[in-house]
Amino acid sequence: MNIRTVATKPFDDQKPGTSGLRKAVPTFQQPHYLENFIQSIFNSLDNYQGQRLVLGGDGRYYNRTAIQTILKMAAANGVGRVLVGQGGILSTPAASCLIRKYQAFGGIILSASHNPGGPEGDFGVKFNTPNGGPAPANVTEAIFAKSKEISEYKVLEADDINLDQQGEYKLGGMTVEVVDAVEAYADLMASIFDFDAIQKLLSGGFRVVMDSLHAVTGPYAKEILENRLQAPAGTVRNGEPLEDFGGGHPDPNLVYARELVEIMYGDDAPEFGAASDGDGDRNMILGNHFFVTPSDSLAILAANATLVPGYAKGITGVARSMPTSQAADRVAKKLGINCYETPTGWKFFGNLLDAGQVTLCGEESFGTGSNHVREKDGLWAILFWLNIIAKRGQSVEEIVKEHWQTYGRTYYSRHDYEEVAKDPANELMDQLRSRLSSFPGQQFHGYEVDLADDFSYKDPIDGSVAEKQGIRLVFKDGSRLVFRLSGTGTQGATLRVYLERYEGDQSKQNEDTQTALADLIQIAHEIAEIKKFTGRDEPSVIT
Ligand code: G16
């Protein structure tokens, strides 16, 4: 066995963001860049030697190259066995599923999620812990600390292994098991949902379109929807994972999933449309000429959970990220279950799920999930909706509108100012921060500020504290404005402005969202001086 120790120097930019280390592909292609980060992961861990690791990615450009490198480094660092998805493919939820199923010490997931791919696109590396979830801050901080002091890494000198053929391979003293990327995950879905009821729905003329956006969910959606649930061939569109996602932006929202939106808002639209993102953890749900906001989706799944066999006994609680609307809180209140508000980032849900405090979690950023894995899960959310529809016999629109009648409607929108200059974006946040104490009591267009703070969170399970998680202004009527800088972008800064207003009056629940939020949008511009700091009049993406 020939293990090479390679001398290296630290890079100063390997601090993981909201979800792992995300950078442009050329950054990862610099000599030693990927290797430094991977070695830093191993250097930050104890007692993994001889144990199992899960490895896979969303199939984007550089996935295969990185997998071969990581396998050889894992072998050189004493890992016992690596389970790698066939073709190097594993969706993020499927990786989480395998980590849990095979009690791995962790997983390395290669993805930049919804960011575009290709030679000039983005790449990313994420480490997940034995519970199957994204590494919490103490783990990512330890990795970052190691990355700042690294002086060498270890790699086995060996040939590449054949990622396309399932089976076992030897790399030095380590075993590589190339596994079916889909099967365990599809089995898990079948164990949660009422596949018979969904199959009956699909065979009864209920038309579904699933757009995989040429990203990782293609093979998963085909196996589950077209094979196991027998939806007609062609139900899954753009189902072939491509290294550059066909040149698209694999983000399931109204802007980037345009083809699907055109179908669902066109003549003779199908009854149900859905999309998922690059690595399969996000979801968008559409009905015939109807869009479900992710915040509403979480609330509706919670309210209807007992219709799903996997949650038939009820759910213990829900958690949502702070900028996500409070729609789910109202359901939790009515059900008398736990309700938590966490910072943005799926990693903050892990402890609550592990402790059994919550069953469902969700974020405004098109992510919903449950305790079945420790990641958000796009196809799971889609199947959840189909299960509810099959049981209730109503359309997407009817289900949402009935929900609003029962709980009130939360008008909600997120405005993104993407790729703006970093320094002025930080100044915008700083100036808001410096004025926080002056806001309460002030009136803006008839809205009186009740509370203004920079959100901080104390994890109720391990007591860890996360500060500066977004500036929020809560108004007397419960409306909210939240300002954050994204932690997942790779170019400049992205300002996110989150807007929310509650409407309990049924006669006022059918307004256009942007119209209903017009005053709050204006207030956001005035308070944060968005034009002055970003140079922009308008957001680049509205969801
Ligand atoms: C990641 C995180 C999510 C977060 C989203 C947006 O999603 O896992 O928790 O809500 O980024 O984060 P930000 O607002 O900081 O850009 P994904 O799908 O990109 O892994």
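Just so you know, these numbers use all the heavy atoms, side chains as well, and skip hydrogens, waters and symmetry mates. Just so you know, ligand 1 is whichever comes first in the structure, and atom 1 is the first atom listed for that ligand. Worth saying up front: this structure is predicted, and the values here are computed from it rather than measured. Residue indices begin at 1 and follow the sequence shown.
- Considering both main-chain and side-chain atoms, Ser486 comes within under 3.5 Å of ligand 1 through a nitrogen or oxygen pair.
- The shell of residues lying under 4.0 angstrom from ligand 1, judged by heavy atoms, excludes Lys126.
- The shortest N or O to N or O distance between Leu485 and ligand 1 is not under 3.5 Å.
- Thr69 places a side-chain N or O within 3.5 Å of a backbone atom of Thr65 that can act as its donor or acceptor partner.
- An N or O contact shorter than 3.5 Å links Arg282 to ligand 1 by distance.
- Gln469 does not count as a contact of ligand 1, since none of its heavy atoms falls under 4.0 Å from the ligand.
- At a 3.5 angstrom cut-off on N or O pairs, Arg414 does not count as close to ligand 1.
- Under a 4.0 angstrom heavy-atom cut-off, Gly345 registers as being in contact with ligand 1.
- Here Phe123 and Tyr61 keep their ring centres 6.0 angstrom or further from each other.
- Checked by distance only, ligand 1 and Glu364 stay at 3.5 Å or farther apart across all their nitrogen or oxygen atoms.
- The only member of Val292, Val396, Val209, Leu254 that meets side chain to side chain contact (heavy atoms under 4.5 Å, CB included) when paired with Leu286 is Leu254.
- A donor-acceptor contact shorter than 3.5 Å links the side chain of Ser540 to the backbone of Asp416.
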